[in-house]
Participant: 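The structure is given below, and queries will be raised subsequently.
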Protein chains: 2
Amino acid sequence: MDDASGLASMAALIGEPARAAMLTELLSGRALTATELATRAGVSAATASVHLARLVSGRLLSVEAQGRHRYFRLRDRSVARSLETLASLVPPPLVKEPLDDLRYARTCYDHLAGWLGVAVRDSLVKTRVLLPEGAEHRLTAKGEDRLRTLGVDVDRAAGSRRSFARACLDWSERRPHLAGALGEALLATCLGKRWLVRRDGERAVDVTTAGRRALAGQLGLELPR
Amino acid sequence: MDDASGLASMAALIGEPARAAMLTELLSGRALTATELATRAGVSAATASVHLARLVSGRLLSVEAQGRHRYFRLRDRSVARSLETLASLVPPPLVKEPLDDLRYARTCYDHLAGWLGVAVRDSLVKTRVLLPEGAEHRLTAKGEDRLRTLGVDVDRAAGSRRSFARACLDWSERRPHLAGALGEALLATCLGKRWLVRRDGERAVDVTTAGRRALAGQLGLELPR
DNA sequence: TGAATGCTTCGTTCGGGAACGAAGCGTCGC
DNA sequence: GCGACGCTTCGTTCCCGAACGAAGCATTCA
(Lines give C-alpha, C1' and ligand atoms only; values in the text may rest on other atoms or scores of the structure.)
Protein backbone atom coordinates (compact mmCIF):
# COMPACT_ATOMS: atom_id res chain seq x y z
CA MET A 1 0.00 0.00 0.00
CA ASP A 2 1.46 3.36 -0.95
CA ASP A 3 0.13 6.87 -0.85
CA ALA A 4 -2.88 6.08 -3.00
CA SER A 5 -5.06 5.57 0.05
CA GLY A 6 -3.95 8.87 1.48
CA LEU A 7 -4.68 10.65 -1.75
CA ALA A 8 -8.01 8.91 -2.05
CA SER A 9 -9.17 9.76 1.44
CA MET A 10 -8.12 13.38 1.11
CA ALA A 11 -9.81 13.78 -2.26
CA ALA A 12 -12.91 12.00 -1.05
CA LEU A 13 -13.02 14.31 1.93
CA ILE A 14 -13.08 17.29 -0.38
CA GLY A 15 -15.21 15.60 -3.01
CA GLU A 16 -18.49 15.38 -1.17
CA PRO A 17 -20.73 18.18 -2.48
CA ALA A 18 -21.77 19.65 0.85
CA ARG A 19 -18.22 19.62 2.15
CA ALA A 20 -16.90 21.12 -1.07
CA ALA A 21 -19.46 23.89 -0.77
CA MET A 22 -18.31 24.65 2.75
CA LEU A 23 -14.68 24.68 1.75
CA THR A 24 -15.48 26.96 -1.14
CA GLU A 25 -17.25 29.37 1.15
CA LEU A 26 -14.26 29.40 3.45
CA LEU A 27 -11.99 30.26 0.55
CA SER A 28 -12.98 33.84 1.26
CA GLY A 29 -10.40 33.56 4.03
CA ARG A 30 -12.91 34.33 6.73
CA ALA A 31 -14.19 32.25 9.59
CA LEU A 32 -17.82 31.14 9.53
CA THR A 33 -20.06 29.48 12.09
CA ALA A 34 -21.45 25.98 11.74
CA THR A 35 -24.96 27.23 11.06
CA GLU A 36 -23.83 29.66 8.42
CA LEU A 37 -21.95 26.90 6.68
CA ALA A 38 -24.92 24.58 6.97
CA THR A 39 -27.18 27.14 5.31
CA ARG A 40 -24.76 27.89 2.52
CA ALA A 41 -24.16 24.24 1.84
CA GLY A 42 -27.89 23.57 1.86
CA VAL A 43 -27.92 20.89 4.53
CA SER A 44 -29.35 20.55 8.03
CA ALA A 45 -27.35 21.56 11.06
CA ALA A 46 -26.98 17.93 12.04
CA THR A 47 -25.53 16.97 8.71
CA ALA A 48 -23.23 19.95 8.65
CA SER A 49 -21.94 19.06 12.07
CA VAL A 50 -20.65 15.67 11.01
CA HIS A 51 -19.15 17.10 7.83
CA LEU A 52 -17.34 19.79 9.75
CA ALA A 53 -16.06 17.29 12.27
CA ARG A 54 -14.57 15.26 9.46
CA LEU A 55 -13.01 18.30 7.83
CA VAL A 56 -11.40 19.26 11.12
CA SER A 57 -10.07 15.80 11.83
CA GLY A 58 -8.77 15.69 8.27
CA ARG A 59 -6.87 18.87 9.11
CA LEU A 60 -8.47 20.94 6.40
CA LEU A 61 -10.22 23.23 8.86
CA SER A 62 -9.48 24.64 12.27
CA VAL A 63 -12.13 25.56 14.82
CA GLU A 64 -12.35 28.19 17.45
CA ALA A 65 -15.11 28.11 20.01
CA GLN A 66 -16.54 31.48 20.92
CA GLY A 67 -19.38 31.33 23.35
CA ARG A 68 -22.03 29.12 21.87
CA HIS A 69 -20.67 29.62 18.37
CA ARG A 70 -17.96 27.64 16.71
CA TYR A 71 -16.00 29.42 14.04
CA PHE A 72 -14.47 27.37 11.26
CA ARG A 73 -11.76 28.50 8.91
CA LEU A 74 -9.35 26.92 6.47
CA ARG A 75 -6.50 25.46 8.44
CA ASP A 76 -3.82 27.36 6.58
CA ARG A 77 -2.66 28.81 3.32
CA SER A 78 -1.62 25.48 1.90
CA VAL A 79 -5.18 24.21 2.10
CA ALA A 80 -6.40 27.19 0.13
CA ARG A 81 -3.69 26.62 -2.46
CA SER A 82 -4.55 22.98 -2.89
CA LEU A 83 -8.21 23.75 -3.32
CA GLU A 84 -7.50 26.38 -5.96
CA THR A 85 -5.10 24.06 -7.74
CA LEU A 86 -7.70 21.36 -7.75
CA ALA A 87 -10.41 23.66 -9.01
CA SER A 88 -8.21 24.78 -11.86
CA LEU A 89 -8.21 21.22 -13.14
CA VAL A 90 -11.92 21.34 -13.79
CA PRO A 91 -12.51 21.31 -17.55
CA PRO A 92 -13.59 24.73 -18.83
CA PRO A 93 -17.27 24.98 -19.70
CA LEU A 94 -18.12 24.67 -23.37
CA VAL A 95 -20.26 27.76 -23.37
CA LYS A 96 -18.85 30.83 -21.74
CA GLU A 97 -20.41 31.68 -18.43
CA PRO A 98 -21.67 35.22 -17.91
CA LEU A 99 -19.54 37.38 -15.67
CA ASP A 100 -21.43 37.15 -12.40
CA ASP A 101 -20.26 38.90 -9.26
CA LEU A 102 -18.16 36.01 -8.11
CA ARG A 103 -16.35 35.71 -11.39
CA TYR A 104 -15.91 39.43 -11.57
CA ALA A 105 -13.99 39.96 -8.35
CA ARG A 106 -13.50 37.77 -5.32
CA THR A 107 -10.96 36.97 -2.67
CA CYS A 108 -8.97 33.81 -2.92
CA TYR A 109 -8.02 33.26 0.71
CA ASP A 110 -5.77 36.27 1.10
CA HIS A 111 -5.41 37.72 -2.38
CA LEU A 112 -7.55 38.99 -5.23
CA ALA A 113 -9.04 36.72 -7.88
CA GLY A 114 -11.60 36.67 -10.65
CA TRP A 115 -11.68 38.89 -13.72
CA LEU A 116 -10.33 41.79 -11.70
CA GLY A 117 -7.52 39.76 -10.15
CA VAL A 118 -6.38 38.63 -13.57
CA ALA A 119 -6.66 42.13 -14.99
CA VAL A 120 -4.58 43.61 -12.19
CA ARG A 121 -1.83 41.08 -12.74
CA ASP A 122 -1.95 41.67 -16.48
CA SER A 123 -1.57 45.37 -15.96
CA LEU A 124 1.35 44.95 -13.58
CA VAL A 125 3.11 42.74 -16.08
CA LYS A 126 2.32 44.96 -19.03
CA THR A 127 3.67 48.04 -17.31
CA ARG A 128 6.76 46.06 -16.28
CA VAL A 129 6.15 46.41 -12.61
CA LEU A 130 6.51 42.65 -12.49
CA LEU A 131 8.46 40.38 -14.80
CA PRO A 132 7.06 36.85 -15.10
CA GLU A 133 9.60 34.13 -14.35
CA GLY A 134 8.02 30.73 -14.61
CA ALA A 135 5.46 30.52 -11.87
CA GLU A 136 6.98 33.49 -10.09
CA HIS A 137 7.44 37.19 -10.75
CA ARG A 138 10.35 39.47 -10.17
CA LEU A 139 9.68 42.98 -8.97
CA THR A 140 11.54 45.63 -10.97
CA ALA A 141 13.11 48.67 -9.35
CA LYS A 142 10.62 50.89 -11.12
CA GLY A 143 7.84 48.57 -10.03
CA GLU A 144 8.93 48.81 -6.44
CA ASP A 145 8.49 52.57 -6.56
CA ARG A 146 5.12 52.29 -8.23
CA LEU A 147 3.78 49.91 -5.66
CA ARG A 148 5.15 51.92 -2.79
CA THR A 149 3.38 54.98 -4.15
CA LEU A 150 0.20 52.97 -4.21
CA GLY A 151 0.72 52.30 -0.53
CA VAL A 152 1.67 48.65 -0.76
CA ASP A 153 3.91 47.43 2.03
CA VAL A 154 6.55 46.00 -0.28
CA ASP A 155 9.17 45.49 2.40
CA ARG A 156 7.01 43.33 4.58
CA ALA A 157 6.04 41.22 1.58
CA ALA A 158 9.65 40.86 0.47
CA GLY A 159 10.75 39.97 3.96
CA SER A 160 8.23 37.17 4.29
CA ARG A 161 9.53 33.65 3.90
CA ARG A 162 6.66 32.54 1.71
CA SER A 163 6.51 32.78 -2.02
CA PHE A 164 6.79 36.43 -3.02
CA ALA A 165 4.63 36.92 -6.11
CA ARG A 166 3.30 33.63 -7.32
CA ALA A 167 1.20 33.18 -10.45
CA CYS A 168 -1.93 31.34 -9.37
CA LEU A 169 -4.24 29.92 -12.00
CA ASP A 170 -7.65 31.51 -11.69
CA TRP A 171 -10.43 28.92 -11.82
CA SER A 172 -12.94 31.16 -13.52
CA GLU A 173 -10.66 33.01 -15.92
CA ARG A 174 -8.17 30.20 -16.47
CA ARG A 175 -5.39 32.70 -16.57
CA PRO A 176 -3.08 33.62 -13.73
CA HIS A 177 -3.73 36.17 -11.02
CA LEU A 178 -1.30 37.33 -8.40
CA ALA A 179 -0.83 35.33 -5.19
CA GLY A 180 1.93 35.07 -2.62
CA ALA A 181 3.03 37.68 -0.13
CA LEU A 182 2.74 40.49 -2.65
CA GLY A 183 -0.74 39.39 -3.67
CA GLU A 184 -1.75 39.53 -0.05
CA ALA A 185 -0.20 42.95 0.46
CA LEU A 186 -1.93 44.29 -2.61
CA LEU A 187 -5.34 43.09 -1.50
CA ALA A 188 -4.68 44.48 1.97
CA THR A 189 -3.95 47.86 0.42
CA CYS A 190 -7.08 47.83 -1.72
CA LEU A 191 -9.22 46.92 1.26
CA GLY A 192 -7.46 49.38 3.55
CA LYS A 193 -8.06 52.26 1.15
CA ARG A 194 -11.59 50.98 0.60
CA TRP A 195 -11.07 50.66 -3.12
CA LEU A 196 -12.54 47.23 -2.62
CA VAL A 197 -14.96 46.07 0.05
CA ARG A 198 -15.77 42.52 1.07
CA ARG A 199 -19.35 41.46 1.11
CA ASP A 200 -20.50 40.05 4.41
CA GLY A 201 -19.26 36.51 4.58
CA GLU A 202 -19.14 36.13 0.82
CA ARG A 203 -16.20 35.63 -1.42
CA ALA A 204 -17.28 38.31 -3.85
CA VAL A 205 -15.87 41.80 -3.38
CA ASP A 206 -17.26 45.07 -4.66
CA VAL A 207 -15.39 47.91 -6.31
CA THR A 208 -16.22 51.29 -4.77
CA THR A 209 -16.37 54.47 -6.78
CA ALA A 210 -13.06 55.52 -5.30
CA GLY A 211 -11.70 52.13 -6.24
CA ARG A 212 -12.93 52.44 -9.77
CA ARG A 213 -11.19 55.75 -10.10
CA ALA A 214 -7.99 54.51 -8.50
CA LEU A 215 -7.81 51.35 -10.58
CA ALA A 216 -8.35 53.31 -13.75
CA GLY A 217 -5.87 56.02 -12.84
CA GLN A 218 -3.12 54.00 -11.26
CA LEU A 219 -3.31 50.79 -13.20
CA GLY A 220 -5.01 51.83 -16.40
CA LEU A 221 -7.81 49.34 -15.91
CA GLU A 222 -10.95 49.70 -17.97
CA LEU A 223 -13.55 48.12 -15.74
CA PRO A 224 -16.33 46.52 -17.79
CA ARG A 225 -18.84 47.51 -15.15
CA MET B 1 -24.18 27.81 -7.93
CA ASP B 2 -20.52 28.69 -8.00
CA ASP B 3 -17.40 26.60 -8.45
CA ALA B 4 -18.18 24.33 -5.53
CA SER B 5 -19.78 21.79 -7.81
CA GLY B 6 -16.74 21.83 -10.07
CA LEU B 7 -14.42 21.36 -7.15
CA ALA B 8 -16.61 18.61 -5.74
CA SER B 9 -16.83 16.66 -8.96
CA MET B 10 -13.11 16.89 -9.58
CA ALA B 11 -12.22 15.86 -6.04
CA ALA B 12 -14.77 13.05 -6.12
CA LEU B 13 -13.29 11.86 -9.38
CA ILE B 14 -9.91 11.57 -7.73
CA GLY B 15 -11.29 10.43 -4.42
CA GLU B 16 -12.53 6.97 -5.35
CA PRO B 17 -9.92 4.46 -4.10
CA ALA B 18 -9.51 2.49 -7.32
CA ARG B 19 -9.20 5.66 -9.39
CA ALA B 20 -6.77 7.19 -6.92
CA ALA B 21 -4.66 4.06 -7.14
CA MET B 22 -4.57 4.30 -10.93
CA LEU B 23 -3.64 7.97 -10.83
CA THR B 24 -0.93 7.23 -8.31
CA GLU B 25 0.51 4.54 -10.55
CA LEU B 26 0.53 6.95 -13.45
CA LEU B 27 2.44 9.49 -11.39
CA SER B 28 5.49 7.59 -12.54
CA GLY B 29 5.06 9.58 -15.72
CA ARG B 30 4.70 6.48 -17.86
CA ALA B 31 1.80 5.19 -19.89
CA LEU B 32 0.10 1.99 -18.75
CA THR B 33 -2.51 -0.23 -20.35
CA ALA B 34 -6.02 -0.70 -19.01
CA THR B 35 -5.28 -4.22 -17.79
CA GLU B 36 -2.12 -3.19 -16.01
CA LEU B 37 -4.01 -0.43 -14.26
CA ALA B 38 -6.82 -2.80 -13.37
CA THR B 39 -4.39 -5.22 -11.76
CA ARG B 40 -2.57 -2.55 -9.82
CA ALA B 41 -5.79 -1.01 -8.60
CA GLY B 42 -7.07 -4.44 -7.62
CA VAL B 43 -10.28 -4.35 -9.62
CA SER B 44 -11.70 -6.29 -12.56
CA ALA B 45 -11.12 -5.19 -16.12
CA ALA B 46 -14.75 -4.21 -16.42
CA THR B 47 -14.61 -1.97 -13.40
CA ALA B 48 -11.34 -0.45 -14.47
CA SER B 49 -12.79 0.32 -17.86
CA VAL B 50 -15.52 2.52 -16.49
CA HIS B 51 -13.14 4.24 -14.11
CA LEU B 52 -10.71 4.99 -16.88
CA ALA B 53 -13.46 6.30 -19.10
CA ARG B 54 -14.46 8.71 -16.39
CA LEU B 55 -10.89 9.84 -15.79
CA VAL B 56 -10.48 10.53 -19.48
CA SER B 57 -13.71 12.45 -19.81
CA GLY B 58 -12.72 14.38 -16.68
CA ARG B 59 -9.56 15.34 -18.55
CA LEU B 60 -7.21 13.85 -16.00
CA LEU B 61 -5.94 11.19 -18.37
CA SER B 62 -5.25 10.91 -22.05
CA VAL B 63 -5.47 7.70 -24.05
CA GLU B 64 -3.61 6.39 -27.01
CA ALA B 65 -4.82 3.27 -28.78
CA GLN B 66 -2.09 0.98 -29.99
CA GLY B 67 -3.36 -2.18 -31.58
CA ARG B 68 -5.58 -3.87 -29.10
CA HIS B 69 -3.99 -2.05 -26.22
CA ARG B 70 -4.99 1.31 -24.87
CA TYR B 71 -2.29 3.29 -23.14
CA PHE B 72 -3.32 5.74 -20.46
CA ARG B 73 -1.18 8.52 -19.06
CA LEU B 74 -1.67 11.65 -17.00
CA ARG B 75 -3.02 14.31 -19.27
CA ASP B 76 -0.27 16.79 -18.51
CA ARG B 77 2.09 18.17 -15.97
CA SER B 78 -0.56 20.21 -14.22
CA VAL B 79 -2.47 17.07 -13.31
CA ALA B 80 0.62 15.59 -11.72
CA ARG B 81 1.18 18.78 -9.81
CA SER B 82 -2.34 18.91 -8.49
CA LEU B 83 -2.16 15.32 -7.34
CA GLU B 84 1.08 15.91 -5.51
CA THR B 85 -0.27 19.06 -3.93
CA LEU B 86 -3.32 17.21 -2.78
CA ALA B 87 -1.31 14.32 -1.39
CA SER B 88 0.84 16.72 0.58
CA LEU B 89 -2.27 17.77 2.50
CA VAL B 90 -2.67 14.31 3.98
CA PRO B 91 -1.93 14.47 7.70
CA PRO B 92 1.44 12.89 8.52
CA PRO B 93 1.22 9.48 10.14
CA LEU B 94 1.65 9.42 13.89
CA VAL B 95 4.20 6.66 13.79
CA LYS B 96 7.02 7.00 11.34
CA GLU B 97 6.77 4.69 8.37
CA PRO B 98 9.77 2.57 7.51
CA LEU B 99 11.72 3.69 4.46
CA ASP B 100 10.39 1.30 1.84
CA ASP B 101 11.52 1.44 -1.76
CA LEU B 102 8.87 3.90 -2.80
CA ARG B 103 9.68 6.30 -0.02
CA TYR B 104 13.38 5.91 -0.67
CA ALA B 105 13.47 7.03 -4.29
CA ARG B 106 10.76 7.40 -6.87
CA THR B 107 9.82 9.52 -9.82
CA CYS B 108 7.20 12.18 -9.47
CA TYR B 109 6.00 12.53 -13.04
CA ASP B 110 9.21 13.93 -14.51
CA HIS B 111 11.46 14.59 -11.55
CA LEU B 112 12.98 12.80 -8.58
CA ALA B 113 11.14 12.40 -5.28
CA GLY B 114 11.30 10.49 -2.01
CA TRP B 115 14.11 10.50 0.51
CA LEU B 116 16.65 10.75 -2.29
CA GLY B 117 14.86 13.59 -4.04
CA VAL B 118 14.80 15.60 -0.84
CA ALA B 119 18.43 14.79 -0.09
CA VAL B 120 19.54 15.92 -3.53
CA ARG B 121 17.75 19.21 -3.16
CA ASP B 122 19.19 19.68 0.33
CA SER B 123 22.67 19.10 -0.99
CA LEU B 124 22.22 21.54 -3.84
CA VAL B 125 21.02 24.20 -1.46
CA LYS B 126 23.71 23.50 1.12
CA THR B 127 26.48 23.77 -1.45
CA ARG B 128 24.90 26.96 -2.76
CA VAL B 129 24.26 25.62 -6.20
CA LEU B 130 20.71 26.78 -5.65
CA LEU B 131 19.43 29.60 -3.50
CA PRO B 132 15.88 29.14 -2.19
CA GLU B 133 13.57 32.04 -3.01
CA GLY B 134 10.11 31.34 -1.71
CA ALA B 135 8.78 28.42 -3.69
CA GLU B 136 11.48 28.84 -6.31
CA HIS B 137 15.24 28.58 -6.51
CA ARG B 138 17.81 30.74 -8.17
CA LEU B 139 20.77 29.07 -9.84
CA THR B 140 24.10 30.63 -8.86
CA ALA B 141 26.92 31.10 -11.36
CA LYS B 142 29.01 28.57 -9.53
CA GLY B 143 26.03 26.24 -9.45
CA GLU B 144 25.60 26.53 -13.17
CA ASP B 145 29.15 25.27 -13.69
CA ARG B 146 28.67 22.46 -11.24
CA LEU B 147 25.52 21.23 -12.92
CA ARG B 148 27.02 21.53 -16.36
CA THR B 149 29.96 19.40 -15.23
CA LEU B 150 27.46 16.83 -14.03
CA GLY B 151 26.05 16.78 -17.52
CA VAL B 152 22.79 18.57 -16.84
CA ASP B 153 21.38 20.46 -19.80
CA VAL B 154 21.02 23.73 -17.95
CA ASP B 155 20.39 25.85 -21.03
CA ARG B 156 17.44 23.83 -22.17
CA ALA B 157 15.96 23.98 -18.70
CA ALA B 158 16.52 27.72 -18.42
CA GLY B 159 15.03 28.29 -21.85
CA SER B 160 11.84 26.46 -21.02
CA ARG B 161 8.81 28.56 -20.29
CA ARG B 162 7.74 26.50 -17.33
CA SER B 163 8.82 27.03 -13.75
CA PHE B 164 12.59 26.65 -13.56
CA ALA B 165 13.39 25.08 -10.21
CA ARG B 166 10.28 24.79 -8.11
CA ALA B 167 10.23 23.48 -4.55
CA CYS B 168 7.67 20.70 -4.48
CA LEU B 169 6.50 19.31 -1.15
CA ASP B 170 7.33 15.63 -0.97
CA TRP B 171 4.40 13.61 0.34
CA SER B 172 6.50 11.01 2.10
CA GLU B 173 9.23 13.23 3.49
CA ARG B 174 7.12 16.36 3.97
CA ARG B 175 10.05 18.45 2.95
CA PRO B 176 10.66 19.90 -0.51
CA HIS B 177 12.32 18.17 -3.41
CA LEU B 178 13.26 19.76 -6.71
CA ALA B 179 10.69 20.04 -9.49
CA GLY B 180 10.30 22.24 -12.55
CA ALA B 181 12.43 22.24 -15.67
CA LEU B 182 15.64 21.80 -13.73
CA GLY B 183 14.22 18.93 -11.74
CA GLU B 184 13.29 17.25 -14.97
CA ALA B 185 16.74 17.85 -16.48
CA LEU B 186 18.43 16.48 -13.40
CA LEU B 187 16.40 13.29 -13.44
CA ALA B 188 17.04 12.94 -17.15
CA THR B 189 20.76 13.17 -16.52
CA CYS B 190 20.67 10.59 -13.72
CA LEU B 191 18.70 8.19 -15.89
CA GLY B 192 20.85 8.88 -18.95
CA LYS B 193 24.04 8.10 -17.10
CA ARG B 194 22.32 5.13 -15.49
CA TRP B 195 22.97 6.40 -12.01
CA LEU B 196 19.32 5.69 -11.48
CA VAL B 197 17.15 3.13 -13.24
CA ARG B 198 13.39 2.97 -13.36
CA ARG B 199 11.70 -0.22 -12.36
CA ASP B 200 9.39 -1.61 -14.94
CA GLY B 201 6.19 0.34 -14.74
CA GLU B 202 6.72 1.25 -11.12
CA ARG B 203 7.32 4.61 -9.55
CA ALA B 204 10.25 3.40 -7.49
CA VAL B 205 13.72 3.89 -8.95
CA ASP B 206 16.90 2.04 -8.02
CA VAL B 207 20.33 3.51 -7.44
CA THR B 208 23.04 1.67 -9.35
CA THR B 209 26.54 1.16 -7.99
CA ALA B 210 27.78 3.80 -10.38
CA GLY B 211 25.00 6.06 -9.15
CA ARG B 212 25.90 5.47 -5.55
CA ARG B 213 29.46 6.45 -6.31
CA ALA B 214 28.48 9.49 -8.34
CA LEU B 215 25.99 10.79 -5.79
CA ALA B 216 28.52 10.41 -3.00
CA GLY B 217 31.34 11.97 -4.98
CA GLN B 218 29.52 14.77 -6.75
CA LEU B 219 26.88 15.68 -4.21
CA GLY B 220 28.35 14.41 -1.00
CA LEU B 221 25.32 12.24 -0.32
CA GLU B 222 25.60 9.53 2.28
CA LEU B 223 23.07 6.99 1.07
CA PRO B 224 21.53 5.10 3.98
CA ARG B 225 21.40 1.97 1.85
C1' DT C 1 -10.13 -19.25 -40.22
C1' DG C 2 -10.35 -19.95 -35.60
C1' DA C 3 -8.77 -19.11 -31.03
C1' DA C 4 -6.79 -16.03 -27.73
C1' DT C 5 -6.30 -11.49 -25.95
C1' DG C 6 -7.63 -6.61 -24.69
C1' DC C 7 -11.18 -3.81 -23.77
C1' DT C 8 -16.05 -2.16 -23.38
C1' DT C 9 -21.13 -2.45 -22.50
C1' DC C 10 -25.03 -4.37 -20.07
C1' DG C 11 -27.68 -5.85 -16.14
C1' DT C 12 -27.69 -6.80 -11.45
C1' DT C 13 -26.32 -6.80 -6.68
C1' DC C 14 -24.81 -4.63 -2.72
C1' DG C 15 -22.65 -1.67 0.78
C1' DG C 16 -21.00 2.74 2.53
C1' DG C 17 -22.15 7.03 3.71
C1' DA C 18 -25.11 11.15 3.49
C1' DA C 19 -29.45 12.72 4.94
C1' DC C 20 -32.92 13.95 8.49
C1' DG C 21 -35.62 14.35 13.00
C1' DA C 22 -35.39 13.84 17.69
C1' DA C 23 -33.05 14.22 21.77
C1' DG C 24 -29.29 15.89 24.65
C1' DC C 25 -25.83 19.33 26.34
C1' DG C 26 -23.86 23.70 26.95
C1' DT C 27 -24.27 28.96 26.45
C1' DC C 28 -26.52 33.21 26.19
C1' DG C 29 -30.20 36.61 27.13
C1' DC C 30 -34.65 38.05 29.35
C1' DG D 1 -34.56 30.92 36.60
C1' DC D 2 -36.45 29.73 32.11
C1' DG D 3 -36.64 29.75 27.34
C1' DA D 4 -34.20 30.41 23.06
C1' DC D 5 -30.34 29.36 20.50
C1' DG D 6 -26.11 26.79 18.65
C1' DC D 7 -24.24 22.65 18.10
C1' DT D 8 -23.58 17.61 18.57
C1' DT D 9 -24.95 12.65 19.02
C1' DC D 10 -28.02 8.89 18.03
C1' DG D 11 -30.89 5.95 15.26
C1' DT D 12 -32.90 5.24 11.01
C1' DT D 13 -33.78 5.50 6.16
C1' DC D 14 -32.38 5.56 1.70
C1' DC D 15 -29.87 6.19 -2.54
C1' DC D 16 -25.85 6.57 -5.45
C1' DG D 17 -22.27 4.40 -7.53
C1' DA D 18 -18.74 0.70 -7.40
C1' DA D 19 -18.36 -4.06 -8.10
C1' DC D 20 -18.75 -8.34 -10.85
C1' DG D 21 -19.87 -11.89 -14.56
C1' DA D 22 -21.41 -12.49 -18.97
C1' DA D 23 -21.69 -11.12 -23.48
C1' DG D 24 -20.06 -8.47 -27.41
C1' DC D 25 -16.63 -6.15 -30.50
C1' DA D 26 -12.29 -5.43 -32.01
C1' DT D 27 -7.25 -6.89 -32.86
C1' DT D 28 -3.60 -10.13 -33.18
C1' DC D 29 -1.60 -14.21 -33.43
C1' DA D 30 -1.60 -19.39 -34.86
Side-chain angles (χ1 to χ4, degrees), chain A residues 1 4-26 30-73 200-201, chain B residues 1 4-26 30-73 200-201:
Chain A
M1 202 63 47
S5 55
L7 177 65
S9 57
M10 183 50 68
L13 188 60
I14 300 172
E16 201 282 326
R19 287 195 293 263
M22 295 175 178
L23 290 169
T24 304
E25 289 295 334
L26 292 170
R30 301 189 145 176
L32 296 174
T33 68
T35 343
E36 277 174 323
L37 288 166
T39 314
R40 284 154 198 268
V43 292
S44 73
T47 305
S49 183
V50 347
H51 282 318
L52 289 168
R54 294 186 62 177
L55 289 170
V56 169
S57 85
R59 317 200 104 214
L60 291 180
L61 300 186
S62 61
V63 218
E64 203 178 334
Q66 225 171 83
R68 54 183 169 183
H69 298 279
R70 297 188 75 204
Y71 283 91
F72 295 85
R73 64 173 73 240
D200 262 359
Chain B
M1 201 65 46
S5 56
L7 176 65
S9 58
M10 182 50 69
L13 188 59
I14 300 171
E16 200 283 326
R19 287 197 290 265
M22 295 176 176
L23 291 170
T24 303
E25 289 295 333
L26 292 170
R30 301 188 145 177
L32 297 173
T33 67
T35 338
E36 279 174 322
L37 287 167
T39 313
R40 285 154 196 268
V43 292
S44 75
T47 304
S49 184
V50 347
H51 282 317
L52 289 167
R54 295 187 61 177
L55 288 170
V56 169
S57 85
R59 315 200 107 213
L60 291 180
L61 301 185
S62 61
V63 218
E64 201 177 334
Q66 226 171 83
R68 56 182 164 182
H69 297 278
R70 299 188 75 203
Y71 283 90
F72 295 85
R73 63 172 74 239
D200 262 0

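Within every chain, numbering begins at 1; the chains are lettered A, B, ... in the order of the sequence lines, protein sequences first and strands thereafter.
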Participant: For the atom pair OG1 (Thr24(B)) and CZ (Arg40(B)), what is the distance rounded to the nearest 0.5 Å?
Facilitator: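 Those atoms lie 12.0 Å apart.
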Participant: I need the CZ-C1' distance between Arg19(A) and dA18(C), as an integer number of Å.
Facilitator: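 Rounded to whole Å, this separation is 9 Å.
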Participant: Using whole Å, what does the distance between atom P of nucleotide dT27(C) and atom OH of Tyr71(A) come to?
Facilitator: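 After rounding, the reported distance stands at 16 Å.
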Participant: Any heavy-atom pair between the side chains of Leu26(B) and Leu37(B) that's under 4.5 Å?
Facilitator: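 Result yes, sub-4.5 Å side-chain heavy-atom pair found.
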Participant: If every non-hydrogen atom of Tyr71(B) is compared with every non-hydrogen atom of His69(B), which pair is closest and at what distance?
Facilitator: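 Minimum heavy-atom separation between Tyr71(B) and His69(B): CE1-CB, 3.8 Å.
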Participant: Under the side-chain hydrogen bond (donor to acceptor under 3.5 Å, both in side chains) rule, collect the residues that match up with Arg30(B), sequence neighbours excluded.
Facilitator: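 Arg30(B): no side-chain hydrogen bond (donor to acceptor under 3.5 Å, both in side chains) contacts found.
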Participant: Which donor-acceptor pairs under 3.5 Å do the side chains of residues 47-56 of chain A make with protein atoms, sequence neighbours left out?
Facilitator:
from	atom 1	to	atom 2	distance (Å)
Thr47(A)	OG1	Ser44(A)	OG	3.0
His51(A)	ND1	Arg19(A)	NH1	3.1

Participant: Rounding to a whole Å, what distance do you find between Arg70(A):CZ and dC5(D):C1'?
Facilitator: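 In whole Å, dC5(D) C1' lies 16 Å from Arg70(A) CZ.
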Participant: List in numerical order all residues of residues 40-57 of chain B for which some heavy atom is under 4.0 Å away from an atom belonging to DNA chain D.
Facilitator: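 Nucleic-acid contacts, sorted: Val43(B), Ser44(B), Ala46(B), Thr47(B), His51(B), Arg54(B).
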Participant: What integer distance in Å separates Phe72(B):CZ from dT8(C):C1'?
Facilitator: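 Roughly 10 Å, once rounded to whole Å.
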Participant: Between P on dT27(C) and CD on Glu64(A), what's the gap in Å once rounded to a whole number?
Facilitator: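 Distance check: Glu64(A) CD to dT27(C) P gives 16 Å.
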Participant: If you find the nucleotide of DNA chain C closest to Arg68(A) and the one closest to Ala12(A), which residue's nucleotide is nearer the 5' end?
Facilitator: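 So the residue in question is Ala12(A).
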Participant: Please state how far atom NE2 in His69(A) lies from atom C1' in dC25(C), giving the value in whole angstrom units.
Facilitator: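 Interatomic distance, NE2 of His69(A) to C1' of dC25(C): 16 Å.
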Participant: Identify the heavy atoms of Ala20(A) and Ala8(B) that sit nearest to each other, and give their distance.
Facilitator: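 Result for this residue pair: CB-CB, 3.5 Å.
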Participant: Whole Å only: how far is the CD atom of Glu16(B) from the P atom of dG17(C)?
Facilitator: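 From Glu16(B) CD to dG17(C) P: 11 Å.
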